[in-house]
Trainee: 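Handing you this structure, nothing more for now.
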Amino acid sequence: MTIIPPDHQGTGLHIGIIQARFSNEIGSAMLKVCTKKLVELGVPDSNITIATVPGALEVPLALQNMAQSRSFNALVALGAVIRGETYHFELVSNESAAGISRVGLDFNIPIANAILTTENDEQAHARIQSKAAEAAIVAVECANLLRRLNPADGELPDALV
């Protein structure tokens, strides 16, 4: 049996981040937490690329373009969708999440989806720290896993021989 342990070492990884600006106070706070955690994990600051989009529905398209560039080992989606009085919350939440998942699968790139979907601002603020830090960890761990599963030269890594 071969077991591949989680690898949270970010040295040498290139991470792309898309932040939705709608509910910008929350998204900006998440961005600070996420980038700080990425650097703590060893991702060089110069290897982190950040772009913003108006809202959660625009996130998948920006992620798709980052993925198409083949310049990143993993991507992160940040933002918040907070329930209002209309059905719009469900539409934005569902379509954004589906688009993010599709980009990851279509381009075989890990995407940490940290777009909060909450009932109110208080719930979103309570999740900023944990969700943004978790997104950084997920991006690094999954990027390293895919590197192990898909070695560039087509040869098995020593640990899997």
Side-chain angles (χ1 to χ4, degrees), residues 6-8 10 13-41 43-147 149-150:
D7 180 354
H8 297 128
L13 294 178
H14 293 263
I15 308 294
I17 301 173
I18 300 295
Q19 181 217 323
R21 291 188 310 271
F22 199 84
S23 299
N24 196 41
E25 177 188 344
I26 295 162
S28 293
M30 292 182 78
L31 181 62
K32 287 179 186 172
V33 171
C34 183
T35 55
K36 180 180 180 205
K37 187 65 174 181
L38 286 169
V39 171
E40 287 173 9
L41 293 170
V43 177
D45 191 54
S46 60
N47 287 9
I48 301 170
T49 300
I50 300 163
T52 66
V53 294
L57 286 176
E58 292 77 34
V59 169
L61 181 60
L63 289 170
Q64 178 178 298
N65 280 273
M66 278 187 159
Q68 281 176 333
S69 76
R70 305 278 185 217
S71 299
F72 303 97
N73 299 101
L75 303 173
V76 177
L78 299 174
V81 181
I82 299 170
R83 185 179 296 278
E85 296 179 7
T86 68
Y87 178 72
H88 189 68
F89 170 84
E90 283 82 5
L91 173 75
V92 173
S93 299
N94 293 339
E95 292 302 316
S96 173
I100 291 167
S101 294
R102 192 181 89 222
V103 170
L105 294 172
D106 286 353
F107 289 92
N108 194 37
I109 188 169
I111 302 175
N113 183 353
I115 295 184
L116 302 174
T117 52
T118 63
E119 295 293 323
N120 53 51
D121 287 339
E122 293 76 29
Q123 288 179 352
H125 282 280
R127 289 168 175 76
I128 288 170
Q129 294 289 326
S130 61
K131 193 67 172 176
E134 177 185 289
I137 294 166
V138 166
V140 169
E141 180 178 328
C142 289
N144 285 326
L145 176 61
L146 289 190
R147 286 170 117 184
L149 294 174
N150 301 298

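Predicted model, so just to flag it, every value in this text is computed and none were measured.
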Trainee: Could you tell me which non-hydrogen atom of Ala62 sits nearest to which non-hydrogen atom of Val53, and how far apart they are?
Mentor: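 Smallest heavy-atom distance, with atoms named: CB-CG1, 3.7 Å.
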
Trainee: Are the side chains of Thr49 and His14 in contact, using a 4.5 Å heavy-atom criterion?
Mentor: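 No - every pair of side-chain heavy atoms lies 4.5 Å or more apart.
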
Trainee: Does atom CG of Asp45 have more than 12 heavy-atom neighbours, drawn from other residues, nucleotides or ligands, at distances under 6.0 Å?
Mentor: no

Trainee: For Asn24 and Gln19, work out which heavy atoms get closest and say how close.
Mentor: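 Closest pair (atom of Asn24, atom of Gln19, distance): OD1-NE2, 2.8 Å.
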
Trainee: Grab the two heavy atoms, one from Ile115 and one from Asn113, that are nearest each other, plus how far apart they are.
Mentor: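 Between these two residues, the closest heavy atoms are N-OD1, 3.0 Å.
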
Trainee: Can you tell me which residue among Leu105, Ile100, Asp106 is in a side chain to side chain contact (heavy atoms under 4.5 Å, CB included) with Arg102?
Mentor: Asp106

Trainee: How many angstroms lie between CD1 in Ile18 and CG in Leu78, if you round to the nearest 0.5 Å?
Mentor: 9.5 Å

Trainee: Please say which of Leu75, Val138, Val76 ends up in a side chain to side chain contact (heavy atoms under 4.5 Å, CB included) with Ile111.
Mentor: Leu75

Trainee: Going by heavy atoms in the side chains, are Leu13 and Leu41 under 4.5 Å from each other?
Mentor: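 Result no, sub-4.5 Å side-chain heavy-atom pair not found.
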
Trainee: What's the spacing between Asn144 CG and Arg147 CZ if we round to 0.5 Å?
Mentor: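 Reported to 0.5 Å precision, the distance equals 6.0 Å.
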
Trainee: Which heavy atom of Gly79 sits nearest to which heavy atom of Met30, and what is that distance?
Mentor: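 The pair with the smallest heavy-atom distance is O-SD, 3.6 Å.
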
Trainee: Atom CD in Glu134, atom CZ in Arg127: separation rounded to 0.5 Å?
Mentor: 11.5 Å

Trainee: Locate the shortest heavy-atom distance separating Ala77 from Val59; write the atom from each residue and the value.
Mentor: CB-CG1, 3.7 Å

Trainee: Can you tell me how far the OG atom of Ser69 sits from the CD1 atom of Ile109, to the nearest 0.5 Å?
Mentor: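 Taking OG in Ser69 and CD1 in Ile109, the distance rounds to 7.5 Å.
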
